[in-house]
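All values below were derived from every heavy atom in this structure, side-chain atoms included, with hydrogens, water molecules and symmetry-related copies excluded.
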Amino acid sequence: MTEPSPSPVRVLVVDDDPLARSGLSMMLGGASDIEVVGEAGDGSQVTRQVEQYGPDVVLMDIRMPVMDGLEATERLRRLPDAPQVLVLTTFDADAHVLRAMRAGAAGFLLKDTPPNEIVTAVRAAAQNRPVLSPSVLRRLIDRASKTNVDEREFRAREKLAVLSEREQEIAVQIGSGKTNAQIGASMFLSVPTVKTNVSAVLSKLQVNNRVQVALLVHDAGLLDEED
């Protein structure tokens, strides 16, 4: 008996440039496992479109009129069962991207990213995998704003204090960009055990993805301590 094909990844494209929206929609629509369910021209339309079309992933431009992609991402990620958000930007490691990451975006893409990589990123986001390589993540963190460092460190350490000792160690490993398999090897744990602990870390910290964990660990100064 033939197994049913998995449902395609449903995508909402948000960009104020009609040509950019059309290009992204055509490119994504060419993948057999992706369906573009809607388009929006500014951030103020996103919540309504998400409620109407139920996308798995929102491809979100940052710079738009009426409401930019940052505020739209923050509002969207506060919704129950919110879709994953991939942020589109022309600036590598822009401070705006950091704000989007803190809001819960799954990752960011430069607008000149090759089409096949955008398709791959959408698939990864739909599977709740962050679209940031460890090297890009560290570069983004290293170039983050240095304002209110002491306050951010205090708040981050306060949040991380809810974790057990093992969970804190796993959080630091996540901050270093390690995969579950790499964490398991370094801590002598099975991958299923690591997955269970990672889920506990996300739940206790009330965050959506590993990128937010990495940012918290960085703000707390724990990556520097590890080095």
Side-chain angles (χ1 to χ4, degrees), residues 4-133 135-137 139-140 143 208-209 211-212:
S5 300
S7 300
V9 177
R10 297 167 60 82
V11 180
L12 174 67
V13 177
V14 185
D15 197 304
D16 64 316
D17 183 342
L19 288 177
R21 287 201 309 273
S22 177
L24 286 167
S25 295
M26 288 182 62
M27 180 265 296
L28 291 170
S32 61
D33 59 341
I34 294 176
E35 178 186 2
V36 177
V37 295
E39 299 180 6
D42 73 74
S44 67
Q45 303 169 9
V46 172
T47 299
R48 184 174 66 253
Q49 296 259 28
V50 165
E51 291 173 345
Q52 181 176 355
Y53 297 115
D56 303 302
V57 178
V58 176
L59 203 54
M60 181 90 74
D61 188 22
I62 285 184
R63 303 180 188 280
M64 295 182 290
V66 185
M67 182 188 294
D68 65 27
L70 298 173
E71 184 176 350
T73 297
E74 290 168 344
R75 291 189 179 192
L76 186 57
R77 292 303 302 173
R78 288 196 292 264
L79 296 176
D81 299 321
Q84 297 295 330
V85 178
L86 279 178
V87 174
L88 286 168
T89 180
T90 55
F91 299 95
D92 189 3
D94 186 348
H96 292 308
V97 175
L98 186 69
R99 177 179 158 192
M101 297 298 101
R102 293 189 191 281
F108 75 94
L109 296 168
L110 298 180
K111 284 197 169 183
D112 60 358
T113 299
N116 64 310
E117 293 183 20
I118 294 178
V119 170
T120 298
V122 166
R123 291 171 178 149
Q127 297 172 9
N128 201 26
R129 289 189 283 118
V131 186
L132 281 174
S133 69
S135 61
V136 171
L137 176 59
R139 189 166 70 250
L140 173 63
R143 291 180 58 181
N208 302 297
N209 56 50
V211 174
Q212 289 175 294

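Using a distance-only test at 3.5 Å, with no hydrogens or angles considered, no donor-acceptor pair links the side chain of Asn208 to the main chain of Ala105. Without hydrogens or angle criteria, Ser22 side chain to Pro18 main chain gives no donor-acceptor distance under 3.5 Å. Under a 3.5 Å cut-off, the side chain of Asn209 and the backbone N or O of Gln212 do form a donor-acceptor pair. Looking at Arg75, its side chain never comes within 3.5 Å of a backbone N or O of Leu70 through a donor-acceptor pair.
The CG atom of Asp16 lies 14.0 Å from the CE atom of Met67; values are rounded to the nearest 0.5 Å. Asp33 CG to Leu28 CG: the interatomic distance, rounded to the nearest 0.5 Å, is 10.0 Å.
The shortest heavy-atom contact between Met64 and Gly43 is CE-N, 3.7 Å. Between Gln84 and Ala106, the shortest heavy-atom distance links the atoms OE1-CB, 3.5 Å. Taking both residues in full, the closest heavy atoms of Arg78 and Glu74 are given as CG-O, 3.3 Å, listed atom of the first, atom of the second, then distance.
The shortest side-chain heavy-atom distance between Leu79 and Leu76 falls under the 4.5 Å cut-off. Using a 4.5 Å heavy-atom threshold, the side chains of Val50 and Pro83 count as touching. Between Leu110 and Thr113 the shortest side-chain heavy-atom distance falls below 4.5 Å.
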Review item, side-chain donor-acceptor pairs of residues 34-42, under 3.5 Å, at least two apart:
unit_1: Glu39; atom_1: OE1; unit_2: Arg21; atom_2: NE; d: 3.4
unit_1: Glu39; atom_1: OE2; unit_2: Ser25; atom_2: OG; d: 2.7
unit_1: Asp42; atom_1: OD1; unit_2: Ser44; atom_2: N; d: 2.7
unit_1: Asp42; atom_1: OD1; unit_2: Ser44; atom_2: OG; d: 2.3
unit_1: Asp42; atom_1: OD2; unit_2: Gln45; atom_2: NE2; d: 3.3

Side chains of residues 52-61: which donor-acceptor pairs under 3.5 Å do they make with residues two or more places apart or in other chains?
unit_1: Asp56; atom_1: OD2; unit_2: Arg10; atom_2: N; d: 2.7
unit_1: Asp61; atom_1: OD1; unit_2: Lys111; atom_2: NZ; d: 3.2
unit_1: Asp61; atom_1: OD2; unit_2: Lys111; atom_2: NZ; d: 3.4

